[in-house]
Amino acid sequence: MTSLTSHATLPPFPDNVPTAPLVSVSLAQLEAGDKAVSDAFFKACKELGFFYLDMLGSKLGETIVSEAEQLNKVQQKFFSLPNEVKDVYGRPHLHPFYAYRFSETAVKDENGIPLRGENYNLRKDDILGQCERLACHPMILEHQELFEKYAIHCRAAIDCLLEHLNTHLELPPGTLAKLHRIHERSGDHVRFTQSPPQPWDDERAARAAHTDFGSITILFNWLGGLQIRTADTNKWVYVRPVPGSCIVNLGDAMVKFTGGILRSNIHRVVPAPGEQAGLTRNSLVFFSRPEDAVVLKRLKGGIIDAQPAPEVPEEEMTSDEWIMKKGTGQLPGIYTAKGFEYKGDGAREPLPVAIKA
Ligand SMILES: O=C(O)CCC(=O)C(=O)O
Ligand SMILES: [Fe+2]
C-alpha cells in the first residue's frame, strides 16, 4: 500500500541523523474507537504535540494520501510557472495572507535570477464556495474537485481527532466540534510549499522556527528538512517522512483552549539532510483553525478547570484577529507551553516570525 506514495522515487532519508521520537497513531484504530490507541494519541498531544498519523487501513486515510500525491503534482506544476504569472496571485495585493508568497534565496538559476522559496495559501472557504472567491490561477480551478475533496477529507480526519481530544479533556460532547464547523468561515487552508536546494544558513534556520497558530495541522512532505525542538533536550531533530503517514501537529489555539494541557511544539524547516539535500523540496499542509468568530481563550469544563491560572492574563482575540496578526508579522514571537514568548532559539531580539517557512 505504500506504493500509494512517491517517496520511493526519491533518495532515501539518511539513517545517521538524529530524528524525533514521534509515535505513530493509526487513524483506522481511532475511527474504530480503540482505547489504547486513543490514550497514546492523547499522550502525544500533551507531551510533544506532534505524531505520525498512519493512514493505511483507513478508507478515509488512504483517500487523503492519494489526494495528497495528486496535489503534490499540481503544486509542482504551479511553482514551475513563470514568476510574473505566480505574482499575479501574490501577497499583499491579492490578500495579506491567503495568497502566493515568496522570498528570494541566495541561490541563483542559470540566468542569475535568485531562486525562490515559495508558498501558496488557498483558503477552505474559497475552495468550498463559502465566500466571494479570491482570484486564483486557472490551474487551481481545473483541480477544483480534488481541492474540495481534499479539504473535506482532511477536515473529517481532524474532526475525528477533535472528538477524541474532547473525550480525554472530559468536555461536554461536541465542545471542540462546535468551534470548528466546516461550513462556518474560518482560516482553514491548504498550503503548497516549495524550496530550492540551498546551503545551511544559521540565521535562516533560526528565523524559520515557529509554532502553528491554528488548531490541528495535517502535513505531507516527501523529503526530510522538518525539524522539531524537543522539550527534554532542547535540541533540534529531524522528522523522518514516513510513506503512508502524515505528520500531525497541534497549534497554539489548542494550547489556549486547554490552559496549556496540550502542546504546540516549535518546529522549522531546514535543508533536507544527506542525499536528499540537492533536491527541490515540497510539502503540502492543511491547517485547521477555530471559526473566525471564536475568541481564543481557555475553555471551561472537564480537566481544563484544574489547570493553574496564567500568571499574566493574555489578551483575548478572535481567531480571525489572531491569524491575521500572526500571519502578517504583527505578533512576533512564538507560543510555547509557557505562553507567548518573544525569544526563540536563543535569539536576543524578537523573532520576525509569523509567516511560516
Ligand atoms: O514543510 C514542512 O515539512 C513543514 C511546514 C510547516 O511547518 C508549516 O508550513 O507550518
Ligand atoms: Fe508549521
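All ligand and atom numbering here is 1-based and tracks the order in the structure.
Val295 belongs to no multi-residue hydrophobic cluster, having no ILVMFWY side-chain contact under 4.5 Å with any other such residue.
Aromatic ring centres of His95 and Tyr98: separated by under 6.0 Å. Aromatic rings from Tyr120 and His137 are positioned such that their centres are separated by 6.0 Å or more. Note: Phe42 and His164 fail the aromatic proximity criterion, with ring centroids not under 6.0 Å apart.
The contact set between ligand 1 and Val269, taken as ligand atoms under 4.0 Å from a residue heavy atom, comprises 1 (O), 2 (C), 4 (C), 5 (C). Near His267, with a cut-off below 4.0 Å to any heavy atom, the atoms of ligand 1 are 7 (O). The Phe287 neighbourhood of ligand 1 comprises atoms 8 (C), 9 (O), 10 (O), with distances under 4.0 Å to a heavy atom of that residue.
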### Task
Mind running side chain to side chain contact (heavy atoms under 4.5 Å, CB included) on Leu22 and Val239 for me, showing each step along the way?
CA-CA 8 Å; Leu22 263 55; Val239 179; 3.7 Å; yes

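Ligand 1 has no atom lying under 4.0 Å from any heavy atom of Arg268.
The list of side-chain hydrogen bond (donor to acceptor under 3.5 Å, both in side chains) pairs with a residue in residues 44-54, not counting sequence neighbours, reads Lys43-Glu47.
Contacts between Leu219 and ligand 1, counted as non-hydrogen atom pairs separated by less than 4.0 Å, involve the side chain only. Neither the backbone nor the side chain of Thr217 has a heavy atom within less than 4.0 Å of ligand 1.
Between the side chain of Gln75 and the backbone N or O of Thr193, at least one donor-acceptor pair lies under 3.5 Å.
Residue-to-ligand polar distances keep Thr193 apart from ligand 1: every N/O pair is separated by 3.5 Å or more.
Centred on the Fe ion (ligand 2), the angle running from His267 (NE2) to Asp212 (OD1) is recorded as 90°, rounding to 10°.
Comparing heavy-atom distances from atom 1 (O) of ligand 1 across Gly225, Ser283, Ala208 singles out Ser283 as nearest.
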